[in-house]
Amino acid sequence: MRSEREMMELILNFARNDERVRAVAMNGSRTNPNAPKDRFQDYDVVYLVTDMDSFIGDKHWVDVFGSRIVMQTPEDMDLFPPELDGNFSYLMLFTDGNRIDLTLCPIEKKDNWNNGDKLSVVLLDKDQALPKLAPPSDEDYWVKRPSAAFFADCCNEFWWVSTYVAKGLWRREITYALDHLNLYVRPMLFKMLEWKIGIDTGFSLSTGKNGKYMEKHLPRASWSAFMSTYPEATYEGVWRALFATLDLFRSTAGEVAERMQFVYPIEEDRNVTSYLKRVRDMEPGARAGEINTDQ
């Protein structure tokens, strides 16, 4: 595997030797002073260039960076709509395990090339044309302090969509149940756990993409409980995971409410939990009207 020094020399030497490249910048985990360093970190590089079309029209210019396992160019794909406002990106995984995510940015965008990303660092500026940047910081990614309204909405979304999981399980529609658990219910649990971590740390850090640093900041018992919310792909397993999710959300939200002086919707919690237990205890295929929601 090529070293970080070798990769940076390769990236910068290409830019120095090509007149179309006027500046080079970097962002992402390699510029984040709080991100753990390891061999799987991407090189998130930006080339500010003239004559974008000459790069995009040449499919082989990126071969200079090494032999590739796979490459993706999202702006050139029908599956993904362009999102980078005139930029063009090359996501490259090389045979030695290194990865470069290289974005071409028109030099005309030099005054706001990074869209305010505070993890940006300028590595080369041939014309001294780019704005000066503060030292990199991950502050924009820190857990944000919730308002009472955000807290209430999070609780309501959690308890409301939990009923969809139960409905899918009763109908024996496991993919429907799993998607609602993982795509809608779990993100609300994530938010609540992040708010707990934020309270514990003065809202001064990031839990990372997909909560990848969350384990470091949660009590061991909370982390173990969180892991139990990930189900095996059986109906019994998803039921167990659902109720584990309810238990962890309830305890965490109760703590957040107490410490932030919010109101936890205990009545909504009790009503939905009772409903979910009744659905769980029903035989699949029961006739319409057999769930008594008044109990």
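Everything numeric here is computed off the predicted structure, so don't read it as measured data.
In this structure, Arg99 fails the cation-pi test against Phe40, since its NZ or CZ atom is not both closer than 6.0 Å to the six-membered ring centre and inside 45 degrees of the ring normal. A cation-pi geometry, defined here as NZ or CZ lying under 6.0 Å from the six-membered ring centre and within 45° of its normal, does not hold between Arg250 and Tyr264. A cation-pi arrangement is absent between Arg186 and Phe249, since the terminal nitrogen or guanidinium carbon is not both under 6.0 Å from the aromatic centre and inside a 45° cone about the axis.
At distances below 3.5 Å, not a single donor-acceptor pair connects side-chain atoms of Glu268 with backbone N or O atoms of Trp160. A distance-only check finds a donor-acceptor pair linking the side chain of Ser251 to the backbone of Asp247 [under 3.5 Å]. In this structure a side-chain-to-backbone donor-acceptor pair under 3.5 Å is missing from Asp58 to Ser54. No donor-acceptor pair under 3.5 Å is formed between the side chain of Arg22 and the backbone N or O of Asp125. Checked by atom type and distance alone, the side chain of Asp96 pairs as donor or acceptor with a backbone atom of Arg2 at under 3.5 Å.
A distance of 9.0 Å separates CG of Asp76 from CE of Met71, quoted to the nearest 0.5 Å. Remark: Leu104 CG to Ser89 OG distance equals 8.5 Å, nearest 0.5 Å. Going from atom CG of Asn98 over to atom CD of Gln41 covers 11.0 Å, rounded to the nearest 0.5 Å.
Within the 4.5 Å cutoff, the side chain of Arg20 has no heavy atoms near those of the Met52 side chain. In this structure, Ile107 and Val49 have side chains that are not in contact, with every pair of non-hydrogen atoms separated by 4.5 Å or more. Within the 4.5 Å cutoff, no side-chain heavy atoms of Asp101 are placed close to those of Val45. Residues Leu102 and Tyr47 meet the side-chain proximity criterion, which asks for heavy atoms closer than 4.5 Å. In this structure the side chain of Asp85 never reaches within 4.5 angstrom of the side chain of Asn87, judged on heavy atoms.
Placement of Ile199 and Tyr141 in two distinct hydrophobic clusters is found when ILVMFWY residues are connected by side-chain heavy-atom separations under 4.5 Å, directly or transitively. At a threshold of 4.5 Å between side-chain heavy atoms, the hydrophobic network of Ile, Leu, Val, Met, Phe, Trp and Tyr places Leu91 and Ile69 in two separate groups. A continuous path of hydrophobic side-chain contacts links Tyr230 to Val161 [ILVMFWY only; heavy atoms under 4.5 Å]. Under the 4.5 Å side-chain heavy-atom criterion for ILVMFWY residues, a single connected hydrophobic cluster contains both Leu246 and Leu189. Cluster membership for Val122 and Leu12, using ILVMFWY side-chain heavy atoms within less than 4.5 angstrom, is not shared.
In this structure, His180 has its ring center closer than 6.0 angstrom to the ring center of Tyr176. Taking the ring centroids of Trp142 and Phe203, they lie at or beyond the 6.0 Å cut-off. Note: Trp195 and Phe262 fail the aromatic proximity criterion, with ring centroids not under 6.0 Å apart. Taking the six-membered ring wherever Trp is involved, the centroid distance between the rings of Tyr43 and Phe94 does not fall below 6.0 Å.
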Test Tyr90 against Trp61 for ring pair (Phe, Tyr, Trp, His ring centres under 6.0 Å), laying out the working first.
CA-CA 11 Å; Tyr90 302 81; Trp61 76 270; 5.4 Å; yes

Working note: Lys144 + Glu194, criterion salt bridge (Lys or Arg N to Asp or Glu O under 4.0 Å); need CA distance, chi angles, decisive distance, verdict.
CA-CA 9 Å; Lys144 302 296 189 295; Glu194 284 189 327; over 6 Å; no

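The neighbour count for Tyr184 OH, taken as heavy atoms of other residues, nucleotides or ligands under 6.0 Å away, does not exceed 12.
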